[in-house]
S.K.: 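I am attaching a structure below and will ask some questions about it afterwards.
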Amino acid sequence: MKIVTKSFFRYAFCIYIVLSLSIVSCMKHRANDRHDGDIIEDVSDKVKGFDSEQFDFHSWANIQCTGGKIFVTDSQSTDSIIGVFNASDLSFKGLIAKFGPAPEEISVPGAVRYDQTTGLLSIFDYGQMTIKTYNVDSALAYKPYYPTTTGSIPSGRIPDRYVGLNDSVGIARLIKMPNPQSSKRGGYDQSLCRYNIKTGEIDEFDTSERQEGLKTLFAINAPKDRIVECAINNDLISIYDINGKKIRDIQGPNYDDSGVVKGVRFFTHVVTSDDYIFALYSGSDDKATNIFGELIHIYDADGNYIKTLDAGTLIGHIAYDDNSNRLIIVCEGSDIQLAYIDLNEVL
């Protein structure tokens, strides 16, 4: 009996150790994604609106904060397309970039890039397939103001949502339209690429491991040389180095490894600070509202999940201001158009 008992306890102890290590291993893995449940913090009382009445923009306007300025791009405007705000005091500075088909106008606004060292703002015009550049201070001060055409956009393989790394090269979402001679009809393929706005050269990232049909958006963490890519049609975040080598995938609880999820919109926008990733999330199949996010998932720069903010309102786009450590948000379906969340209060 004693021998049997000792053997039994040795066996039980070994099973306990194996199970314990397995549980710890799983916990370590799952703590890096959201499989073990979101940590949701209600921050609706911390959403502070600010004056934007002089620029009454349409739904789903894009927002960018850089170089002490906030740029709100209203792609549906039939007048001036971009509203400029001061990031420090959130004051309205004025409107620039006239809508229209003329060479000095913007017909279909796309990516916007501001160079704070020169004060120049470049706008991708996908209607005229050109890049037009404005001196922001001059454009605000003088009317009329005529921008300079500084580049052309290639057709067929279109660099979208460009984010500059220097004065000529940046990262873009590459939209690849099907060849007219191809049997493939309806839709397009998508990946990430390096794009030279001066030469038009496109260097597409390796897509051999990319899920077929994946549609994404991305942000750049320049100090850490990271690219953060969030999927629109799957619960997935991928992190790359600046040359396009994948570092890791972060699969959310609704990730489907058998294929993209039709009818559901997952991530709707993403921005980064030096230390954090802020991923705007919908997760809804309601086509009327799922283009907007309801939650802001926060990860550290390595992709480890921290918590989720519930702003209590639908959000179109978000931007990060490094000087004030604020998230600037575009509110949808609300009396407030623009608001901010002081991250010093939540992180």
Side-chain angles (χ1 to χ4, degrees), residues 43 46-52 55 57-75 81-93 95-97 109-116 121-124 136 160-165 170-173 217-223 226-230 267-282 291-299 301 309 311 313-332 334 336-347:
V43 295
K46 295 179 174 63
V47 176
K48 309 295 183 183
F50 61 93
D51 180 25
S52 61
F55 183 34
F57 49 84
H58 296 80
S59 180
W60 211 37
N62 200 346
I63 187 169
Q64 182 176 333
C65 188
T66 180
K69 291 181 172 61
I70 300 170
F71 300 99
V72 181
T73 304
D74 182 5
S75 60
I81 291 171
I82 294 181
V84 185
F85 295 80
N86 230 351
S88 58
D89 60 5
L90 304 174
S91 60
F92 179 69
K93 304 300 293 182
L95 298 169
I96 64 172
V112 172
R113 178 181 184 259
Y114 179 63
D115 186 337
Q116 58 183 314
L121 183 78
S122 296
I123 305 174
F124 283 49
V136 174
D160 179 34
R161 297 178 182 266
Y162 176 84
V163 178
L165 299 174
I171 306 298
R173 184 175 69 171
L217 35 85
F218 74 96
I220 302 293
N221 185 336
R226 298 283 178 85
I227 303 168
V228 181
E229 182 184 41
C230 293
F267 293 97
T268 63
H269 200 50
V270 59
V271 295
T272 64
S273 67
D274 289 357
D275 300 313
Y276 298 103
I277 299 166
F278 304 96
L280 186 59
Y281 187 86
S282 170
I291 60 172
F292 310 125
E294 296 188 73
L295 302 170
I296 302 171
H297 293 313
I298 303 178
Y299 301 80
L309 305 183
T313 183
L314 291 177
I315 300 172
H317 277 252
I318 55 178
Y320 174 74
D321 176 31
D322 56 354
N323 291 319
S324 64
N325 197 30
R326 292 169 175 161
L327 279 182
I328 312 297
I329 66 176
V330 176
C331 301
E332 302 288 348
S334 169
I336 300 172
Q337 289 194 112
L338 294 174
Y340 69 88
I341 299 172
D342 187 345
L343 292 173
N344 296 308
E345 299 179 7
V346 298
L347 286 173

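In this text the structure is predicted, and so the values were computed from the model without any measurement.
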S.K.: About how many Å separate CD1 of I277 and OH of Y299, when rounded to the nearest 0.5 Å?
M.R.: 8.0 Å

S.K.: Mind listing the closest non-hydrogen atom pair of A97 and I123 along with its distance?
M.R.: CB-CD1, 3.9 Å

S.K.: How long is the gap from CD1 on I341 to CD1 on I318, to the nearest 0.5 Å?
M.R.: 8.5 Å

S.K.: Could you grab the distance from atom CG of L327 to atom CG of L309, nearest 0.5 Å is fine?
M.R.: 7.5 Å

S.K.: Could you list all the salt bridge (Lys or Arg N to Asp or Glu O under 4.0 Å) pairs where at least one residue sits in residues 273-282, not counting sequence neighbours?
M.R.: K224-D275

S.K.: Sequence neighbours left out, what passes side-chain hydrogen bond (donor to acceptor under 3.5 Å, both in side chains) with S91? Give chain and number order.
M.R.: D89

S.K.: Between the side chain of D74 and the main-chain N/O of F57, is any donor-acceptor distance below 3.5 Å?
M.R.: no

S.K.: For side-chain contact (heavy atoms from CB on, under 4.5 Å), just list the numbers for I329 and Y340, CA-CA rounded to whole Å, side-chain angles, deciding distance to a tenth of an Å, and then say yes or no.
M.R.: CA-CA 6 Å; I329 66 176; Y340 69 88; over 6 Å; no

S.K.: Please identify each residue that fulfils side-chain hydrogen bond (donor to acceptor under 3.5 Å, both in side chains) with S282, with sequence neighbours left out.
M.R.: none

S.K.: Enter the distance from N86:CG to K69:NZ here, rounded to the nearest 0.5 Å.
M.R.: 7.0 Å

S.K.: Quick one: list whatever passes side-chain hydrogen bond (donor to acceptor under 3.5 Å, both in side chains) with S273, sequence neighbours left out.
M.R.: none

S.K.: Test side-chain contact (heavy atoms from CB on, under 4.5 Å) on F218 and I227; report intermediate values, then the result.
M.R.: CA-CA 7 Å; F218 74 96; I227 303 168; 4.2 Å; yes

S.K.: Can you give each donor-acceptor pair under 3.5 Å made by side-chain atoms of residues 59-68, sequence neighbours left out, with the distance rounded to 0.1 Å?
M.R.:
residue, atom, partner, partner atom, Å
S59, OG, E332, OE1, 2.9
N62, OD1, H317, ND1, 3.1
Q64, NE2, V112, O, 3.4

S.K.: If you round to the nearest 0.5 Å, how far is CD1 of I171 from CZ of R161?
M.R.: 15.0 Å

S.K.: Could you walk me through whether L280 and V271 pass side-chain contact (heavy atoms from CB on, under 4.5 Å), step by step?
M.R.: CA-CA 9 Å; L280 186 59; V271 295; over 6 Å; no

S.K.: Could you tell me which residues satisfy salt bridge (Lys or Arg N to Asp or Glu O under 4.0 Å) with D160, sequence neighbours excluded, listed by chain and number?
M.R.: R173

S.K.: Please work out which of the three classes, parallel, tilted or perpendicular, describes the rings of F85 and F50, given edges at 30° and 60°.
M.R.: perpendicular

S.K.: Listed by chain and number, what are the side-chain hydrogen bond (donor to acceptor under 3.5 Å, both in side chains) partners of Q337, not counting sequence neighbours?
M.R.: S52

S.K.: From L90 CG over to L338 CG, what is the distance, rounded to the nearest 0.5 angstrom?
M.R.: 9.0 Å

S.K.: Hey, are the side chains of I315 and F292 touching, using non-hydrogen atoms and a 4.5 Å cut-off?
M.R.: no

S.K.: Using the side-chain contact (heavy atoms from CB on, under 4.5 Å) rule, take L121 and V84 through it: C-alpha gap first, then chi angles, then the decisive distance, then the call.
M.R.: CA-CA 11 Å; L121 183 78; V84 185; over 6 Å; no

S.K.: Identify, with sequence neighbours excluded, every residue that meets side chain to side chain contact (heavy atoms under 4.5 Å, CB included) alongside I336.
M.R.: C331, S334, A339

S.K.: Output all residues satisfying ring pair (Phe, Tyr, Trp, His ring centres under 6.0 Å) with Y114, sequence neighbours left out; order by chain, then residue number.
M.R.: F71

S.K.: Suppose we screen for salt bridge (Lys or Arg N to Asp or Glu O under 4.0 Å). Which residues come up paired with R326, at least two apart in sequence or across chains?
M.R.: none

S.K.: How would you list, by chain and number, every residue that makes a ring pair (Phe, Tyr, Trp, His ring centres under 6.0 Å) with Y281, sequence neighbours excluded?
M.R.: F267, H297

S.K.: So, does T272 use its side chain to make a donor-acceptor pair with the main chain of I220 at under 3.5 Å?
M.R.: yes

S.K.: Name all residues meeting the side chain to side chain contact (heavy atoms under 4.5 Å, CB included) criterion together with N325; count only those two or more places apart in sequence or in a different chain, and write none if there are none.
M.R.: Y320, L343, N344

S.K.: Taking atom NZ as the centre, does K93 end up with more than 12 heavy-atom neighbours from other residues, nucleotides or ligands that are less than 6.0 angstrom away?
M.R.: no

S.K.: Using every non-hydrogen atom in the two residues, find where G83 and L95 come nearest and quote the distance to one decimal.
M.R.: CA-CD2, 3.8 Å

